[in-house]
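Scroll down for the structure; my scribbles are underneath it.
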Amino acid sequence: MPEAPEIASRSAEMNTALKNKVIESVEVSQPKCLNLSVEEFKAALVTGVIESVSYHGKWIMMNTSRGWLLLNLGMGGEILLVTRDSLPAKYRLVLDFTDKTCLTINFWWFGYAFHAKQEELFTIPMIARLGPNVLDLTQEDFKTLLENQKSKTRVKAFLLDQSKIAGIGNAYIHDILFLARLHPKRIVSSLSDAERTGLYNAIQGGLRPSLKKGGAFYETNLYGQKGGFSMEDILIGYKEGNACPNCGTPIEKIRTGSTSSFICPTCQPDPAF
DNA sequence: GCAAATGTTTGGCC
DNA sequence: TGGCCAAACATTTG
């Protein structure tokens, strides 16, 4: 589940490591993750030179001399820079470079590898719809966004909606909402000014420690090393039954729509009660 | 052993 | 708008 901290780390790494590499060939083992046929996809990228790598939300965007290669790692994605004689056991996509290194891209469910011509980037709906990067969002922008939610949007659905803010996923959100002392089902329009400010700070506070450590422990960098953000750094996410670090109440796991949430029932009271 | 459940995402349907 | 389902699967649970 690469989310903003992992994606930002990975994209910075790739920008350094891959710059000026030339794509010699492309191997695809999961055609369903492409937006083109395998043949078109290969033809579009071969001989391309990697000029820079950036990101938007959960997308890694590789800018090549032959257009964009857009990667969304879905759940459990992994990008490795290796050589042909040390390929990982599983991969969906391999880019072979002329210097004999290769980039393998894997994910175990729901990932995408799209190609778009230079000027056609925003014809890809999944890119065009993205909201501002969560790590670049200012407090003013965030407040404006909140004010535009006039309906019954719940705070968890709001934060996970990539068209509003891009980069938050269902792993970091538990700690973000805990830091903000908000129940996932709170209605956005009911938040007080103090709660809105607190939520902004919680988003930054929930993501930046992991960003500093190169991402979460369950994801690796280009060379297979795990991120430094470990289970001990997580406050309440995935810690059902543990004592809340703030008040000691056992942490609960609850269903919120079709996803699970971890909350402290004392610090994050259910708005229905 | 094996079937069932679970989940880090997104889109589409009602 | 929200809720729910489905989909390319790997791992844990009963």
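Note that this is a predicted model, so its numbers are computed, not measured. In the text below, chain A, chain B and the rest are named by the order of the sequence lines, each starting its count at 1.
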Could you give the distance separating C:dA6 and B:dA4 at their P atoms, to the nearest angstrom? 15 Å
For the side chain of A:R92, counting heavy atoms from C-beta on, which of C:dC9, B:dT6, B:dT9 is nearest? C:dC9
Find the distance A:M126:CE to B:dG12:C1' and express it as a whole number of Å. 13 Å
Selected nucleotide, minimal atom distance to A:S258 side chain, candidates C:dA8, B:dT9, C:dC5: C:dC5
A:D141-A:T144 side chain donor-acceptor pair, cut-off 3.5 Å: no
When you measure from the side-chain N and O atoms of A:R129 to the phosphate of B:dG11, is any distance below 4.0 Å, counting only OP1 and OP2? yes
Whole Å only: how far is the CG atom of A:N106 from the C1' atom of B:dT9? 15 Å
Rounded distance in Å - OH (A:Y91) to C1' (C:dA8): 17 Å
In whole angstroms, the gap separating P of C:dA7 from CZ of A:F107 amounts to 17 Å
For the residue pair A:W59 and A:F114, does the interplanar ring angle fall in the parallel (under 30°), tilted (30 to 60°) or perpendicular (over 60°) class? tilted
If you check every side-chain atom of A:K90, which of B:dT10, C:dA10, B:dT9 has the closest atom? C:dA10
Is the cationic atom of A:R181 (NZ for Lys, CZ for Arg) positioned less than 6.0 Å from the six-membered ring centroid of A:F178 and within 45 degrees of its normal? yes
Given B:dT10, is OP1 or OP2 found less than 4.0 Å from the side-chain N or O atoms of A:N72? yes
Taken to the nearest whole Å, OH/A:Y112 to P/C:dA8 is 11 Å
Can a donor-acceptor pair be found between the side chains of A:E6 and A:Y172 at a distance below 3.5 Å? yes
Please report the distance, rounded to the nearest Å, between CD1 in A:I254 and P in B:dT6. 15 Å
Rounded off to whole Å, could you give me the CH2-to-C1' distance for the A:W109 and C:dC5 pair? 12 Å
Could you identify the nucleotide paired to C:dC9, looking across every strand shown and requiring Watson-Crick or G-U wobble geometry with both distances under 3.5 Å? B:dG7
If I pick the C1' atom on B:dA5 and the same atom on C:dC5, what distance separates them, to the nearest angstrom? 16 Å
Which atom of A:I127 lies closest to which atom of A:M61, heavy atoms considered: CD1-SD, 4.5 Å
Nearest whole angstrom, please: distance from the P of B:dG11 to the NZ of A:K32. 17 Å
A:K185 side chain N/O closer than 4.0 Å to the phosphate oxygens (OP1, OP2) of C:dG2? no
Could you tell me whether the side-chain ring of A:F110 sits stacked on the base of C:dA8, using a centroid cut-off under 5.5 Å and a plane angle under 30°? no
Test item: side-chain donor near acceptor, A:E13 and A:Y223, under 3.5 Å: no
I want to check one thing: is the phosphate of C:dG3, taken as OP1 and OP2, less than 4.0 Å away from some side-chain N or O of A:R154? yes
Indicate, with a heavy-atom threshold strictly under 4.0 Å, whether A:T259 touches base, sugar-phosphate, or nothing. nothing
Counting the atoms with a prime plus P, OP1 and OP2 as sugar-phosphate, which does A:F158 contact under 4.0 Å by heavy atoms, base, sugar-phosphate, or nothing? nothing
Kindly say if A:K58 contacts the phosphate of B:dT10, meaning a side-chain N or O under 4.0 Å from OP1 or OP2. yes
